[in-house]
S.K.: 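Here you go, one structure.
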There are 4 protein chains.
Amino acid sequence: MTADKRLRGIFTPNIVPLDGQGEINEPELRRYTDWLIDRGVHGLYPNGSTGEFTRFTVEERRRIIAIMTDQTRGRVPILAGAAEANVRETLRACEYYHELGVRAVAIVSPYYYKLSPPAVYAYFREIGRNTPVDVTLYNIPMFASPIDVPTVQRLSEEFERIVAIKDSSGDLPHMIRMIAAVRPNRPDFSFLTGWDSVLMPMLLIGCDGGTNATSGVVPEVTRKLYDLTVAGRIDEARELQFKIVRLFDAMLFSTDFPEGVRASLALRGIEPGMGRQPLSEGQQSDLKVVRDTLQCLLAESGFADEPVGGCPPAGRVDPQEVSHIVQGVLAELKRRGLAD
Amino acid sequence: MTADKRLRGIFTPNIVPLDGQGEINEPELRRYTDWLIDRGVHGLYPNGSTGEFTRFTVEERRRIIAIMTDQTRGRVPILAGAAEANVRETLRACEYYHELGVRAVAIVSPYYYKLSPPAVYAYFREIGRNTPVDVTLYNIPMFASPIDVPTVQRLSEEFERIVAIKDSSGDLPHMIRMIAAVRPNRPDFSFLTGWDSVLMPMLLIGCDGGTNATSGVVPEVTRKLYDLTVAGRIDEARELQFKIVRLFDAMLFSTDFPEGVRASLALRGIEPGMGRQPLSEGQQSDLKVVRDTLQCLLAESGFADEPVGGCPPAGRVDPQEVSHIVQGVLAELKRRGLAD
Amino acid sequence: MTADKRLRGIFTPNIVPLDGQGEINEPELRRYTDWLIDRGVHGLYPNGSTGEFTRFTVEERRRIIAIMTDQTRGRVPILAGAAEANVRETLRACEYYHELGVRAVAIVSPYYYKLSPPAVYAYFREIGRNTPVDVTLYNIPMFASPIDVPTVQRLSEEFERIVAIKDSSGDLPHMIRMIAAVRPNRPDFSFLTGWDSVLMPMLLIGCDGGTNATSGVVPEVTRKLYDLTVAGRIDEARELQFKIVRLFDAMLFSTDFPEGVRASLALRGIEPGMGRQPLSEGQQSDLKVVRDTLQCLLAESGFADEPVGGCPPAGRVDPQEVSHIVQGVLAELKRRGLAD
Amino acid sequence: MTADKRLRGIFTPNIVPLDGQGEINEPELRRYTDWLIDRGVHGLYPNGSTGEFTRFTVEERRRIIAIMTDQTRGRVPILAGAAEANVRETLRACEYYHELGVRAVAIVSPYYYKLSPPAVYAYFREIGRNTPVDVTLYNIPMFASPIDVPTVQRLSEEFERIVAIKDSSGDLPHMIRMIAAVRPNRPDFSFLTGWDSVLMPMLLIGCDGGTNATSGVVPEVTRKLYDLTVAGRIDEARELQFKIVRLFDAMLFSTDFPEGVRASLALRGIEPGMGRQPLSEGQQSDLKVVRDTLQCLLAESGFADEPVGGCPPAGRVDPQEVSHIVQGVLAELKRRGLAD
């Protein structure tokens, strides 16, 4: 067990393109897979939250992994989201994805019910005992039962097959506590952050990489932020981190997740299609505004043309605008219990 | 549309008994169905949160409704939980349950992702437009995206097929706001509370009934609380409400939900089997203490013998004990984001 | 110690009228005191949250109690808010208010810092040991450190001078747990609710009264709601409770507390003056809308003329309007951490 | 207005030593002031949250600043906490502290009531218009009304006298949004973090310094963390940051704030005396355990001898122990509404 074995770099949690009937658009998913690999992401992470795993059926989730492993053909490692209705079903998914050749699975803590730490431990213990493939714990407390530090430490010490945690809390001190608790005994254990707004600081305090939604839209930027940070080019990295915060805020908080990701992707020439969660008329017209904001942010880095109406003066693309959107929507999120 | 058509009374959200292999124990589920009907519940509510619907597969959820409609044979109405991965799948479940003859379906707001009110509206609008069977909205903000008052009002005015809301927030002012907003235009719309601790006050401020976990364990008591309250026998009702609070607290907060329900049920002679969510050793030994507390509470009303070690002096069965458990576990719940 | 000694009824938490210089308007405070007593409130509760105690100096808080005890001359009992910077200062206030002849003091749990239950206990223990006057605990978890059930129980059992709790959580099950834990040993202990939206159900589950902001504006209505509920006239009481919810929501959630109370009071002919917390231009113009809504609600019960622009059709004064305001502002409140 | 004018470095929020009667221990406060300056802190920050400003009287708060300005005699700048009961009283404090020669005041957002952003703006606008001395905004959302990004931006653009924000949210993306919104128009505006656990990453994303409780206990370490980070010596800085997290967690979460700071200080030879908030017996015995943990953490860096019972093996001083304490107390904090 050495640090060399750690999962490292940017793993893209990808959206699954749908066709006009709401079915998986296999050709576009294959094209998107290539597009991402060509732009430098270190790995792929299908069936994550960005990938809307809960909105697909069991069979569809399996087909997504089958298509992507087939298309990737080992060029980059795949982390396959494998959470199903219960331990037994989840283990079946692990087995199937193992046969397909994924590098590891990622398993979100049980959701809907909010479980206590001992119950979370007991769930992952069953997984750890029986999985044929490496497992990444997936902690996303805004959606699922939290995985606390003692639980991560205990699981890491008891099960070699549990090799990493993907943490989407965005909580720096929490990450520091986890690394301090786990790394001494498991130098091969990997820490990935799922919160794009803190990718640079997370890498600087010891994370190994990230599973970042922005990398599905601007893989060039997220990858470069990773490279600059790892190279210690702090000033340049900071500048990119600030850009990523604006894009992430706009994608995440200005509409129901992950519609902002879908809208951004369309601007990059990938056709995500309409999502399965229906939108109200209000949401659809809001989305037009969001799209313009996103287009300006992308245009700023040369990834899109400016929208017809133009953008705010260069160098300062509406930080206030975005800020106001964010403030408003944070309030909304809190109302919905998504944020604290 | 008149008030006479409203769903009224106590609908039991039932646990699904499992056998030694973790499979649905059909004979025990049939026996439990009869047991509940014999003890006076007004209706049944399978595939709810107490029924652990998320831990079963699509096929198992369908089988549960098939078994229970077959066993019930119209003696009491069935509210069938019908939420699936997305609108289309949910509508398929609605169609199937309609064919099976359920009185209505109950559909929880989308979960995992926390949706905005417009998105919640858009989701139920699709359901409202296409369902062949009456629909009960299911609001449980601690687990799923909240359904706010304007959304309930709008849905109630646009879709006749949406006939009720089951609200598990336990929030009295929220219920008052909903009734004030909806009842003038929809006198036939029914309001059911899923929060046992406030069943009496909810009925007194205008609710039509409840979907209460305690009614799966002590149907006699929950039914009597309903009857006394509706009859205006406030002092007697209050006394029962206080008992229900103690039982509900002990069942809900002293262990991971719904293990307390399972433990209580075993004390009443129904064999729930082991749940699908694995338990740690600590949880298992904690559960023994919980079982004793529950047994004392049941013994107090004559529904069980006292445990071997005896119970605290009659008349004051450990209010402090329960209180301490509750306080401790509320803290825990808050940590897990389950309570505020 | 018998139930006969309990504090009972409606204690009005009164605003303190200010003059053009922002100083205490003594004549108007005296007139308001009489106005309230004349309209039937059972007692007065100055220096509470509605009374903006934190925005006055130590000397001003004392002067408020001196004026009101002088004006009241024993016609109704006074609960005097006595919280100061630390235990010693609080005890000094207790002594002074005792000399002034108040019935009891009310002491909010320490705020700013959020204290643990043992620290809250230790604070009130010092008070309990040294106070010369009866003490009402004041639990308002949205503003101050919560006082949990075991703490209330322990304090009630150790200190005879602690005679009541004023609870503004609005949490029915919490109130039930408190009553169950305390009443057996302290039949003289009083439970008052500070949450107007649940006054009727709180009384029905065993509360003795309330300290309700609405009673400062429509004392006739709050008093009548109390009387009807205590008399068991449930249907009439429910109707008033629904009205109170609308008024309370509009007063509380449509602007920064307690500006809605101040606006309502002006409509009743009491001149509260401008508050000490400055208002932005936006808040001031919002307040005009709020004032119209409040005026319509008051007009409905004959306590004000309709505003110049008229009101929505009688019998259904903008439940949706209020509902929308409430929803929007609840979101806002949550953003500010005020609501959960 | 240039970047050169910014407040920079570590400003220590100091505890005020008390004597046996609970009065301000002036000689020890003077000695502590020197002790801090001698150990390299860049400035002092009396009357902050660590300084328990709410537990002193108006007169005492003034005396604290008078003593410390007299003792400091300009060796380091002083940020004086100036929040009082209302705008007028706060401005009086500003005037007095200005006469005493403080570098700036720090004013916490109004607390107890949780104000809306417009109300927070209106409050600071009055301050901005009338203050004779530079003002640092103080955002600490766990204790006081949050100051959101648009409010900070607007205040920074309208009032030159408002020169900095001290933010204790510990929220990195929030800090990034603030810097992006304010710095272009106010290059002289300073951003200080009050959350020790993220001092290094906050400095790396653009903060100018911190007001950190740990610097009151181990000024050598906090100062060195600042120096190493600013010098770009990331690996060494990270190691210190990890140490600071452990110390901060132990001081902050293992007992009621700021008892852990007081206990640590005593270990460094400063006599803080007993605090004004009384402690229960349980708290006092818990504090002994905390003291040992703190002593081991200090001993690790050579700032204290090991406790009599010894410490866990060097190099790995109880990360799990601390982690468990933290987890337990975070739960507690959440119960009290202090953490999310």
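Per chain, numbering begins at 1; letters A, B, ... match sequence-line order.
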S.K.: Is there a donor-acceptor contact under 3.5 Å linking the side chains of A/Thr136 and A/Tyr45?
M.R.: no

S.K.: Could you check which of A/Asp286, A/Leu279, A/Thr54 has the highest count of heavy-atom pairs closer than 4.5 Å to chain B?
M.R.: A/Thr54

S.K.: For the pair A/Tyr111 and A/Phe53, name the ring-plane relationship: parallel under 30°, tilted 30 to 60°, perpendicular over 60°.
M.R.: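 Ring orientation, 0 to 90° scale: perpendicular.
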
S.K.: Quick check for you: among A/Gly22, A/Pro110, A/Ser49, which has the greatest number of heavy-atom pairs under 4.5 Å with chain B?
M.R.: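 With the most close heavy-atom pairs to chain B, the winner is A/Ser49.
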
S.K.: So which of B/Arg276, B/Glu259, B/Gln277 has the biggest tally of heavy-atom pairs under 4.5 Å with chain A?
M.R.: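 Of the options given, most contacts go to B/Gln277.
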
S.K.: What residue in B/Glu52, B/Glu84, B/Glu126 has the most heavy-atom pairs under 4.5 Å with chain A?
M.R.: B/Glu52

S.K.: Apply side-chain hydrogen bond (donor to acceptor under 3.5 Å, both in side chains) to the pair B/Asp167 and B/Ser169, showing each step before the final yes or no.
M.R.: CA-CA 6 Å; B/Asp167 184 282; B/Ser169 69; 2.5 Å; yes

S.K.: Which answer fits B/Pro258, side chain, backbone, both or neither, if we ask what part of it has an atom under 4.5 Å from a heavy atom of chain A?
M.R.: neither

S.K.: Salt bridge or not between B/Arg62 and B/Glu59? Use side-chain N to carboxylate O under 4.0 Å.
M.R.: no

S.K.: I'd like to know if A/Arg92 pairs up with A/Glu89 as an ion pair, taking the criterion as any Lys NZ or Arg NE/NH1/NH2 lying under 4.0 Å from an Asp or Glu carboxylate oxygen.
M.R.: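 Yes, A/Arg92 and A/Glu89 are salt-bridged.
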
S.K.: Contact part of B/Val58 toward chain A, heavy-atom cut-off under 4.5 Å: side chain, backbone, both or neither?
M.R.: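 No part of B/Val58 comes within 4.5 Å of chain A.
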
